[in-house]
Enquirer: 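Pasting a structure below so you can have a look.
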Amino acid sequence: MQPLPDDALLISLAKAGDIEAFGELYTRYLDPIFRYIRTRVSEDQTAEDLTEETFIRAFQALGKYEERGLPFSAYLYRVTKNLLVDHYRKHKDEKALEFANQIPAPDIISDDKIIKAERYIMLGRAYAQLPEDYQEVIRLRIILGISTAEAATWMDRSEGALRVLLHRALKALRQQMLNDG
Amino acid sequence: MDENKNPSLAQILDDCISRLQSGEDAVDALRRDYPQHVQDLAPLAEIARQMQTDFHAPAPSENFARNSKIRLLNHLRAAHVPTTAAKSRAHSSKRFSWRPARAIATLFIAFMLAITSTGLAWASSDALPGDVLYPVKRSVEEIRLGITFSKSGDAELLNAFTTERMDEIEALIFAGRDEYLAETLEDYEAMLDRLVVQVTALNQTEDQGALEDLAFNLSHQIQVLERVKTNVPENLQAKMEEVKEQTQHGKDVVETIRQGGNPSDLAPGQIKKQTPQSDPDEESQGLSKTKTPKPKKEKTPGPPPWANPGDQDKKDED
């Protein structure tokens with residue numbers, strides 16, 4: 001079986017205008033980018049629209065991307081973050097919902113697991129009150145399951161600094177839950 | 001908690017979370033491997049487990065994943081979205097900076113180009129459509145277009161390659177290789193289209209020399225088309241006429257820019273009243289400013305089904 005071309009090759013082809021090569025990058029990174037956006041907006045449809053817009057912007061700005069040992073996903077993450085800033089600017093009402101309803105609840109109510117439902121609400125409320133970088137590290141490492149190394153490049157920190165941030169974030173989350181009681 | 005202890009505790013917690021993601025019970029792992037830190041870290045690992053369970057981020061639907069790629073690529077193709085690389089290339093003649101890495105890369109490309117273009121150009125420069133080396137010749141052209149650093153550079157190359165296509169048309173006609181003629185005429189039109197797009201980005205004063213060359217070459221090409229048309233098979237006469245008119249249109253665009261006008265004034269569909277044979281003297285006196293029909297427009301007997309009927313009435317009045 002022929003080995004898949006690496007990201008660097010696809011990026012250089014895409015920079016030269018090869019749209020098919022960019023399509024391959026899209027296939028590779030659709031899932032993490034969509035899932036990340038889906039944790040930041042309240043509806044699937046919005047997440048789908050923003051995902052497509054992210055890749056269009058990423059293609060348009062591909063000339064700015066320079067290989068410095070950073071994964072392509074870190075570049076896409078940066079484009080996504082900027083897009084979300086624009087999105088919230090245009091939809092200020094949704095910003096209020098950002099931390100409350102962005103992640104669909106599991107079927108906890110239909111399963112009649114009230115305790116789980118209460119825990120979900122309590123956890124969500126406490127999480128919403130954390131500082132943005134605490135939320136972000138929990139989102140990347142725990143909700144999305146992104147590796148420490150990759151999350152560190154996304155957040156532009158060393159791996160050690162990211163671990164410390166995660167530790168502090170979870171401590172703050174626990175403290176917030178205790179306070180909310 | 002002592003801040004100095006955080007890095008090691010942070011590492012242990014991070015390890016627990018990684019295990020959680022691979023399906024292990026993080027709290028059990030903590031009890032087993034780091035019993036001295038259970039009291040500090042077990043509540044945090046438990047919260048992480050709850051977050052992971054309750055706050056699952058859904059993946060894109062299969063339907064979206066399948067259709068969105070097609071939609072995206074079609075959008076990029078249709079929009080001809082220029083990458084920043086392409087944009088910066090267009091302006092790089094003014095703000096090119098000789099940073100070491102870029103300088104090395106540029107020299108490398110120049111070196112490769114020298115080798116590639118010299119060798120391949122030598123082998124394929126005289127190739128005609130249908131020859132084995134002809135695809136090589138066309139590929140070399142595309143490579144050269146891909147590494148020009150300015151709009152005027154692109155226009156100069158496209159000008160040269162348009163002339164090359166015309167030389168090929170002439171050579172094919174006189175060699176009697178009519179089977180490749182229709183395809184080469186299409187290639188010429190395509191190259192001319194690219195040239196016209198590039199020309200609209202040129203500046204009346206800054207690119208005066210390039211514009212003069214373009215006007216001269218396009219006039220020459222019109223003359224060639226006029227000269228060889230009697231040797232073209234009957235079934236390609238209409239095509240020859242179409243190509244000639246398109247070349248005239250390209251020349252009009254160039255002349256308009258040379259005179260500081262706006263090429264959008266030359267919108268297709270505006271009828272230019274001219275004699276079949278263009279007189280370069282007349283054109284230089286201003287006739288070239290008149291409007292040229294877009295050949296494909298003439299082939300359409302009526303308006304497209306989606307056209308506004310009012311537009312058609314207006315056109316008929318004209």
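A, B, ... follow the sequence lines: proteins, then strands. Residue 1 opens every chain. Heavy-atom basis, side chains included; hydrogens, waters and symmetry copies ignored.
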Enquirer: Quick check on side-chain contact (heavy atoms from CB on, under 4.5 Å): which of A/F55, A/Y26, A/F59 does B/L76 satisfy it with?
Expert: A/F59

Enquirer: Would you say B/Q36 has more than 12 foreign heavy atoms packed within less than 6.0 Å of its CD?
Expert: yes

Enquirer: For the candidates A/T148, A/L173, A/T51, A/L144, which exhibits the highest count of non-hydrogen atom pairs separated by less than 4.5 Å from chain B?
Expert: A/T148

Enquirer: Need one label for B/Q50: side chain, backbone, both or neither, based on atoms under 4.5 Å from any heavy atom in chain A.
Expert: both

Enquirer: Can you check side chain to side chain contact (heavy atoms under 4.5 Å, CB included) on B/L44 and A/K171, steps first, answer last?
Expert: CA-CA 7 Å; B/L44 305 184; A/K171 279 203 298 182; 3.6 Å; yes

Enquirer: Testing the basics here: between A/R35 and B/A59, what is the closest heavy-atom pair and its distance to 0.1 Å?
Expert: CG-CA, 3.8 Å

Enquirer: Counting only heavy atoms closer than 4.5 Å, note whether A/I138 contacts chain B via side chain, backbone, both or neither.
Expert: side chain

Enquirer: State the CG-CZ distance between A/D44 and B/F64, to the nearest 0.5 angstrom.
Expert: 9.5 Å

Enquirer: With rounding to the nearest 0.5 Å, note down the distance linking CZ in A/R168 to CG in B/L13.
Expert: 13.0 Å

Enquirer: Rounded to the nearest 0.5 Å, what's the gap from CG on A/L123 to CG on B/D54? Could you check?
Expert: 6.5 Å

Enquirer: For the residue pair A/L30 and B/P60, establish whether any side-chain heavy-atom pair is separated by less than 4.5 Å.
Expert: yes

Enquirer: Could you check if a side-chain atom of B/I12 sits within less than 4.5 angstrom of a side-chain atom of A/H167, using non-hydrogen atoms only?
Expert: no

Enquirer: Which bit of B/L72 is near chain A, if near means a heavy-atom gap under 4.5 Å: side chain, backbone, both or neither?
Expert: side chain

Enquirer: Within a reach of under 6.0 Å around CD of B/E142, are more than 12 heavy atoms found that belong to other residues, nucleotides or ligands?
Expert: yes

Enquirer: Does any backbone or side-chain atom of B/L73 lie under 4.5 Å from a heavy atom of chain A? Answer side chain, backbone, both or neither.
Expert: both

Enquirer: Would you mind reporting whether B/Q21 and A/S147 have side-chain heavy atoms less than 4.5 Å apart?
Expert: no

Enquirer: Could you check if a side-chain atom of B/D14 sits within less than 4.5 angstrom of a side-chain atom of A/E159, using non-hydrogen atoms only?
Expert: no

Enquirer: Quick check for you: among A/R141, A/R174, A/M177, which has the greatest number of heavy-atom pairs under 4.5 Å with chain B?
Expert: A/R141

Enquirer: Is it the backbone or the side chain of B/L20 that comes under 4.5 Å from a heavy atom of chain A, or both, or neither?
Expert: neither

Enquirer: Which distance, rounded to the nearest 0.5 Å, do you find between the CD1 of A/I56 and the CZ of B/R71?
Expert: 9.5 Å

Enquirer: Identify the two heavy atoms, one from B/K69 and one from A/G23, that lie closest to each other, and give their separation to 0.1 Å.
Expert: CE-O, 3.3 Å

